[in-house]
Amino acid sequence: MRRTRRAVPSAVMLPAMILSAVLMPVAEGPAWSDAPDPAPVRIGAQAQRNEGLTVVEVRSGTLSRVLPALARVMPDDSRVVHIRPAGSGKVLSVAVMAGQHVARNATLLQYLDHSLHVARLQATQMQAALDAAVAARDEAAAAWRRGRDLSGSTVSAGEVRRRLAVLQEAQNTVVARQADVGTMTHRFREEFNSVTERDGTDETSTLLSPVEGTVQTVAASVAGDVSPGQDVMTVVDLSLVWIVSDLPPQDAARVVVGGRQETRIGDRRLLSRIGTVDGMAAPATGLVRVISAVPNPDGDLRPGMMVDTELETDERASGLLVPTEAVQRVAGRDVVFVRTAPDMFRPVPVTLGLESGGSTVVLSGLAAGQSIAAHGSFALKSMLLLSALGGD
């Protein structure tokens with residue numbers, strides 16, 4: 001009689017069969033309360049490393065629900081400097097372009113300052129008027145002294161008094177001319193020279209950057225005209241920037257001012273505090289603006305970037321905190337694997353509360369200080385299910 005050979009699964013088919021068995025609904029078996037407590041799962045040190053298994057300690061704490069949002073990077077309005085010339089004239093050179101990083105006191109633009117030319121002429125005229133007034137006063141003083149010395153002989157007392165009045169008037173004129181020169185000197189020192197502008201020995205004025213930052217806009221070109229107060233450039237200090245989220249009013253009402261905010265830039269996570277929540281929605285969009293100030297010493301955050309962020313809300317819960325990835329679903333129950341030995345993990349059913357930001361509140365089933373499997377706990381679930389199916 002011929003015997004029939006039993007087919008043996010190939011090595012290629014075996015992992016697929018195991019995975020299918022793990023994922024089959026029947027694998028979870030009866031409800032946890034109706035089944036005997038499952039045996040602990042044993043996993044060696046090398047297998048733990050292969051699965052990337054990590055172990056964390058259960059701790060007490062308070063968890064706040066976070067609100068995920070799409071945000072944009074904006075410059076801090078208080079750090080945006082508008083560069084405006086004090087005079088009027090023709091642009092001689094533009095030393096920077098939009099997006100360029102500049103140092104403090106770096107040259108931005110030079111222009112032929114017609115106002116400076118007029119001011120220098122006025123200063124020359126005022127100085128000449130002062131010199132003339134001083135000369136007239138000195139002459140009046142000399143005449144008065146001669147009259148005083150000759151009073152009662154060749155010069156009458158009335159003449160002495162007249163010469164004194166002339167001297168006093170000449171002195172008043174000197175004071176007025178000195179005030180004119182002082183005003184012009186102040187103009188040169190404060191108006192034509194400031195943290196954003198410096199005048200040259202000729203009629204050229206140079207616009208400077210008062211901060212280290214980035215040129216945001218340039219609104220001038222060579223041979224173009226500039227006038228006092230014209231906004232020819234803006235320079236923004238990006239060492240601190242705003243993360244701005246536009247939220248529906250019902251979501252904005254849940255956000256906590258001073259609450260925690262976490263922004264993701266690639267693999268980096270930037271922590272900040274929620275600074276302001278606008279009191280009313282923007283008429284154009286119906287959304288409420290939420291602002292958080294974030295240090296940006298490396299300049300990685302640039303205005304206009306879109307970033308993912310999470311905002312803390314007023315919904316909170318207290319209890320034992322575990323990583324959300326530590327919780328697995330087995331036999332209709334939420335389970336956490338508690339380490340009982342270096343290579344042994346016991347599945348423990350838990351009751352869960354609030355889940356937010358990668359953490360979950362456990363209301364019952366665990367105790368503070370216990371060590372549990374976090375990343376890689378799905379491998380323990382798979383081994384538990386295979387064991388329930390009679391696997392090795």
Side-chain angles (χ1 to χ4, degrees), residues 3-63 65-66 267 317-392:
R3 293 192 182 183
T4 305
R5 243 176 115 181
R6 191 175 61 172
V8 178
S10 67
V12 176
M13 296 174 59
L14 189 59
M17 294 174 63
I18 294 175
L19 181 60
S20 176
V22 170
L23 298 180
M24 284 176 58
V26 296
E28 293 200 355
W32 192 286
S33 59
D34 300 329
D37 292 342
V41 176
R42 184 184 297 276
I43 180 171
Q46 184 60 47
Q48 292 184 37
R49 287 192 291 271
N50 292 342
E51 296 293 341
L53 188 68
T54 59
V55 176
V56 299
E57 185 177 293
V58 178
R59 58 183 178 84
S60 300
T62 299
L63 185 64
R65 186 177 295 281
V66 297
D267 295 333
S318 297
L320 300 177
L321 302 183
V322 300
T324 300
E325 62 181 346
V327 182
Q328 299 295 332
R329 191 76 174 172
V330 178
R333 291 294 305 271
D334 294 312
V335 173
V336 170
F337 290 87
V338 177
R339 185 167 69 174
T340 57
D343 61 346
M344 195 76 70
F345 291 84
R346 178 171 58 89
V348 175
V350 293
T351 303
L352 304 181
L354 178 66
E355 185 275 322
S356 181
S359 296
T360 299
V361 174
V362 175
L363 303 178
S364 65
L366 294 179
Q370 287 183 305
S371 297
I372 62 171
H375 182 72
S377 62
F378 182 78
L380 300 178
K381 172 184 174 179
S382 301
M383 296 175 67
L384 176 66
L385 296 180
L386 283 173
S387 176
L389 290 174
D392 292 334

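For the pair Ser318 and Thr62, the tightest heavy-atom approach, listed with the atom from each and the gap, is OG-OG1, 2.9 Å. Across all their heavy atoms, Pro323 and Ile372 have their closest contact at CD-CD1, 4.3 Å. Across all their heavy atoms, Ser356 and Val66 have their closest contact at OG-N, 2.6 Å. The two residues Gln48 and Pro342 have their closest heavy-atom pair at NE2-O, 2.9 Å. In plain terms, the two heavy atoms of Gly44 and Asp343 that are nearest each other are CA-CB, 4.4 Å. The two residues Ser377 and Gln328 come nearest to each other via the heavy atoms OG-NE2, 2.9 Å.
Put simply, the side chain of Ser60 never gets that close to the backbone of Leu320: no donor and acceptor are under 3.5 Å apart. Listed for the Thr54 side chain is a donor-acceptor partner under 3.5 Å among the backbone atoms of His375. Remark: side-chain polar atoms of Arg49 are not paired, donor with acceptor, to backbone N or O of Gly52 under 3.5 angstrom.
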Hey, mind stepping through Phe337 and Met383 against side-chain contact (heavy atoms from CB on, under 4.5 Å) and telling me if it holds?
CA-CA 12 Å; Phe337 290 87; Met383 296 175 67; over 6 Å; no
Given side-chain contact (heavy atoms from CB on, under 4.5 Å), test Leu354 with Arg65 step by step and report yes or no.
CA-CA 7 Å; Leu354 178 66; Arg65 186 177 295 281; 2.6 Å; yes
Might you work through the side-chain contact (heavy atoms from CB on, under 4.5 Å) test for Phe345 and Val55, ending with a clear yes or no?
CA-CA 10 Å; Phe345 291 84; Val55 176; 4.1 Å; yes
Is there a side-chain contact (heavy atoms from CB on, under 4.5 Å) between Leu321 and Val362 once you walk through the steps?
CA-CA 6 Å; Leu321 302 183; Val362 175; over 6 Å; no
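Note: Ser359 OG to Arg59 CZ = 6.0 Å, rounded to the nearest 0.5 Å. Atom-to-atom distance recorded for Phe378:CZ and Glu51:CD is 10.0 Å, nearest 0.5 angstrom. Rounded to the nearest 0.5 angstrom, Met344 CE and Leu380 CG are separated by 11.5 Å.
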